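To keep things clear, I will list the structure first and then write my remarks on it.
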2 protein chains.
Amino acid sequence: MFHTVLCDLLGIRYPIIQGAMQGAGGPRLVAAVSEAGGLGILPTFGGTEKELRDDIEKTRALTSRPFAVNITPIGRAFTESRAAICIEMGVPIVTTGRGDPGSNIVRKLKEAGTIVLPVVPSVHHALRVEAEGAAAIIASGMEAGGHVGRVSTMPLVPQVVDAVKVPVVAAGGLGDARGLLAALALGACGIQLGTRFIATVESEAAEWIKERLLRTEETGTIISSLMTGKPVRAFATRILREYEQALGHADSAEDRAALRIRYLKELRHAPLEERTMAAGEIVGMIRDIRTVRELIEGIVAEAATLAEKLYRASREEGGRKRLLPGAARERRRAER
Amino acid sequence: MFHTVLCDLLGIRYPIIQGAMQGAGGPRLVAAVSEAGGLGILPTFGGTEKELRDDIEKTRALTSRPFAVNITPIGRAFTESRAAICIEMGVPIVTTGRGDPGSNIVRKLKEAGTIVLPVVPSVHHALRVEAEGAAAIIASGMEAGGHVGRVSTMPLVPQVVDAVKVPVVAAGGLGDARGLLAALALGACGIQLGTRFIATVESEAAEWIKERLLRTEETGTIISSLMTGKPVRAFATRILREYEQALGHADSAEDRAALRIRYLKELRHAPLEERTMAAGEIVGMIRDIRTVRELIEGIVAEAATLAEKLYRASREEGGRKRLLPGAARERRRAER
C-alpha cells in the first residue's frame, strides 16, 4: 500500500519517516520504525561523536533495515565530523536539520554514496539544496515540533513540489492517516512524523513528556529561541512565554545573551511541570501511546480506506438545488 | 463531482466557498463565484449599512444562486446592525469573521432561519460556536490571508473535525486542486479560498494587487496588527516590518497607540510599491489571472483526477527491498 518513489529511493516499505528527536528517538525507536517498514532516523544534536557511533551500532544490532542519521548544522566542525562518521560507518541515508548544512557537506556525503535528504522551510532553500545534490527534500512547515521556519505545511509542500524535480516529503502538522493522505494529495511522496512518534511504547521520552503529549491542546505550543538559540516549537510554558516577551524588549545583543543565560538557568532548575520539550501542533490529536508497528500499520491501512472514500466522493453528484435568497429561511422555518 | 454535505447545506454545486475580502470581493466576484457553483461571500468590514444593502441588491441582480455575507465582529453595534440587515433582506447564509460574534448574534440569525458559519482559529473556539448554533464551522489556519489565529491548517482541521459534530470547512493555505483534496482528506467537507480568488478576472482588486500576487513568493507575507489592530496576514512590506519591530519595544499602551497612528499615516501616504493588502502563504502558487469559472471548474476536475491517482497509489505494492546499511552506497556507486 502507498508504495511511492520514496520507498524505492530509501528501500523502505511505507512512505513514512520518523523525524530525528533528541531525547525521544534513540536506537530503540529508530530500529522499531525501520522494522515496521518506515525509516527511523537517529539524532546527533547535543551528542558526542562516541555517542553517535554507539547509537549507530546499537541500532544495527536491532534491525538490518535501512535507517538514517540526522545532522543538525550547528557549526562547521560538528557537521563535518558527524558526516565523516556517517560515511565511515556506511550509514546509507542522512537527513540534514533545518538550516543549511553547507554545499560542501552535501557533496561529500553524495560522493560517498550517501542519500541526502535536507529538511527545508522554504522554496528558496529547497532550490539550493536540490542544486547541491539532495536526493529528495523534506519540506517542513512551521507547525512542526523542533526547529521551524515561517511557512506552514499546507501552502509550503505544493510550492516546493512545483519548484524542484526531486521527490518531496511533507513534514509538520501530520499525525495520522488523514495527514498521510493530505500530504500525498499535495504532491508529496511521503511524510515525516516527529511528535506522533514520541507517543509510542518504543520512544525513549520520559514519562512526563508522554503524559504531557496526551493532555496538551493544539494551541499548547510556542515558538521560542531559548533552547537552541534558533526558533524551536515546543510545549508552551511560563518560562518560554516570559523569555520571548522579555526578548522583545531587549535592546542589544548583550541584553539578549544575558536574558538567554538567565532563562536557560531557570529552565534547567524548573520543576517537572514547568519543563518543556519540542512538540508540534498535532499534539492535541494524540490520545494514546501505541507501539510503532500499530501506529504505522494503522496509518497506512486507514489512509487506504480513506483514499477509496475520497475517490468515491470525487464522483458524487448531488441534486442541484437552486436555493433562492430567502428560501433557506423558509426551508429551515418549515423544519422547526 | 465532490458533492458533499456542505453542498446540501448551502445549496451549492461544488464545496468551494470564497472568503470575504474587503477591497477585492464585491458583488461582481461574489456573483461570479455563486454562478460558477461555489458560494460567494460579501464583506462588511469597513463598509456602511447603505453599502451593504447596495452590495446585496447588486449581487442579487447578477445571480439568483445563494450567496453569503460575512460579518466581522468589530463591536456590538456594528455586528448587530449588519446581522439585522442580513435578516431583513433574507440573506440565507452568514459567515462571521475571525473572532467572536457573540452568542446573541448567532442565536438571532439562527432563529431568523439564517445558516451561520463562523470562522474559527482553534478547537476551543469551534466548540463554543457549535454550542451557540453554528450550522458548520470554517477552521482557518494561520497561513491564511487576513485575520489569523496561531494554529496552521494541516493540524487544525482534523482536530476541529474530531471535536465537533457539525460539518467543517478548511481555510488557509489552499489554492488549487491539491488543496481541495488535501482538505477533504483531513475530514473537511469543503474549502474556503481567499487569496486565490483575488487573482481572478472578476475580482475588484486594483491592478497593482493582482500584479503583486503574481510575483510574491510563499515567504512574502507577514502577520501584522497595523491595519486593523488585530493580527492580519498581508504582503510583507518595509512599513509593516518596521511597525512590528517598533511595537516589540513599546512599553505602554499609549506608546503602542501612538506608533500605530504614526505608521498608519505612513502607510496611507506610501507609494504603490510600499502598500500592502491581505494575502495568504499560497501567494507563491499564483501564476495566472483566470476567470472564476475556469478556476473553480479546474480545481474540481483536477481534484477528481488526483483522487483517482491517490486511490491507485493506495493499492501500490513495491518489490520489498531490504536495503542493508551500505548497500545504498554500493548501488549508487554502481549507477555512476
Side-chain angles (χ1 to χ4, degrees), chain A residues 1-3 7-8 11 13 60 64-66 90-92 113 115 122-123 141 143 150-156 158-159 173-174 178 181-182 184-187 217-219 248-249 281-282 284-285 303-304 306-308 310-311 313-314 316-318 320-326 328-329 332-333, chain B residues 1-3 7-8 11 13 60 64-66 90-92 112-113 115 122-123 141 143 150-156 158-159 173 178 181-182 184-187 217-219 248-249 281-282 284-285 303-304 306-308 310-311 313-314 316-318 320-326 328-329 332-333:
Chain A
M1 286 185 286
F2 293 109
H3 188 94
C7 300
D8 290 330
R13 181 164 188 187
R60 280 198 179 144
S64 59
R65 306 266 175 110
V91 173
I115 297 171
S122 69
V123 169
E143 55 265 64
R150 295 193 302 116
V151 182
S152 300
T153 304
M154 188 68 90
L156 178 65
Q159 294 185 66
L174 309 167
R178 295 173 291 187
L181 202 61
L184 297 176
L186 293 178
E217 295 176 350
E218 88 287 3
T219 50
H249 287 79
E281 289 181 346
I282 63 115
M285 205 190 275
L306 192 50
E308 187 173 354
L310 264 189
Y311 173 55
S314 75
E316 200 96 23
E317 298 281 350
R320 193 162 160 189
K321 293 184 188 113
R322 285 165 200 276
L323 190 68
L324 290 168
R329 184 201 297 197
R332 288 175 70 89
R333 272 201 181 135
Chain B
M1 287 185 286
F2 292 109
H3 189 95
C7 300
D8 290 331
R13 182 163 187 186
R60 280 196 179 146
S64 59
R65 307 265 175 109
V91 173
I115 298 171
S122 69
V123 168
E143 55 266 63
R150 295 192 303 116
V151 182
S152 300
T153 303
M154 189 68 90
L156 178 65
Q159 295 185 66
R178 293 172 292 187
L181 203 61
L184 297 176
L186 294 177
E217 295 175 350
E218 89 288 4
T219 49
H249 289 78
E281 289 181 347
I282 64 116
M285 205 190 274
L306 192 51
E308 189 173 352
L310 264 189
Y311 173 54
S314 76
E316 201 96 22
E317 298 281 351
R320 193 161 161 189
K321 296 186 184 110
R322 285 164 201 276
L323 191 68
L324 291 167
R329 185 201 297 200
R332 289 175 68 88
R333 273 202 181 135

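Labels below follow one simple rule: chain letters A, B, ... track the order of the sequence lines, proteins then strands, and each chain is numbered from 1. Since this is a predicted model, take the numbers as computed values, not measurements.
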Taking every non-hydrogen atom, the tightest pair across [X] and [Y]:
{"X": "A:G284", "Y": "B:Q159", "value": "CA-OE1, 2.9 Å"}
{"X": "B:A182", "Y": "A:A185", "value": "N-CB, 3.7 Å"}
{"X": "A:S314", "Y": "B:A304", "value": "CB-CA, 3.9 Å"}

Greatest number of heavy atom pairs closer than 4.5 Å to chain B - which of [options]:
{"options": "A:R150, A:E217, A:E143", "value": "A:E143"}
{"options": "A:L174, A:L184, A:T153, A:V123", "value": "A:V123"}
{"options": "A:A307, A:G248, A:S152", "value": "A:S152"}

Greatest number of non-hydrogen atom pairs under 4.5 angstrom with chain A, of B:E316, B:R178, B:H249, B:M285, falls to B:R178
Look up atom [atom1] in [X] and atom [atom2] in [Y], then write down how far apart they are to the nearest 0.5 Å.
{"X": "B:F2", "Y": "A:L310", "atom1": "CZ", "atom2": "CG", "result": "7.0 Å"}
{"X": "A:E317", "Y": "B:R13", "atom1": "CD", "atom2": "CZ", "result": "6.0 Å"}
{"X": "B:L156", "Y": "A:E281", "atom1": "CG", "atom2": "CD", "result": "8.5 Å"}

Non-neighbouring partners of B:E308 that pass salt bridge (Lys or Arg N to Asp or Glu O under 4.0 Å), sequence neighbours left out | B:R312
Per-residue contact mode, A:L306 against chain B (heavy atom under 4.5 angstrom) = side chain
